[in-house]
Amino acid sequence: MVQPISSALTAIPAVTTSAGSGSSGGMSFSDYLGKALDEVNQVSARADQLAVEYASGGPVSTADLMIAETQASLAVDLLSQTATRVQQAYTTLMNMQI
């Protein structure tokens, strides 16, 4: 099922910092990244499951299969581009002169 943008934006956890302790409330970056990887894996696994059901003659329509495959493809592409951007940002920070 396609998730509306408004609900996707409200699902992003807010990170607040406390001035006294120096720690951040909410979800850490590694937790957020792990959750995102799990979601991409679930979308991909669902698309694979629908493909198997469709190939075996199950009650899966071609449209549902194509939507699931496109969602999985977009999720993997977004993950790949995000990883590339994070690597580029890290490289930029490491090349900065102090």
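A quick note: this is a predicted structure, and the numbers were derived from the prediction, not measured.
Apart from Y90 itself, the hydrophobic cluster it occupies contains M94, where clustering links Ile, Leu, Val, Met, Phe, Trp and Tyr at side-chain heavy-atom distances under 4.5 Å. Under a 4.5 Å side-chain heavy-atom cut-off, the cluster of Ile, Leu, Val, Met, Phe, Trp and Tyr residues that includes L50 is completed by Y54, V60, L65.
Here the side chain of S80 pairs no donor or acceptor atom with the backbone of V76 at under 3.5 angstrom. S73 places no side-chain N or O within 3.5 Å of a backbone atom of E69 that could act as its donor or acceptor partner.
Going from atom OG1 of T84 over to atom CG of L79 covers 9.5 Å, rounded to the nearest 0.5 Å. Atom CE of M27 is separated from atom NZ of K35 by 5.0 Å, given to the nearest 0.5 angstrom. Separation of atoms CG (L78) and OG1 (T82) is listed at 4.0 Å; rounding is to 0.5 Å. Here Q49 contributes atom CD and Q42 contributes atom CD; the two are 12.0 Å apart, rounded to the nearest 0.5 Å.
Scanning both residues, A47 and A68, for their nearest heavy atoms gives CB-O, 3.6 Å.
When each of L93, T92, T91 is tested with N95 by the rule side-chain contact (heavy atoms from CB on, under 4.5 Å), just one qualifies, namely T91.
Residues passing the side-chain hydrogen bond (donor to acceptor under 3.5 Å, both in side chains) test with N41: none are found, sequence neighbours excluded.
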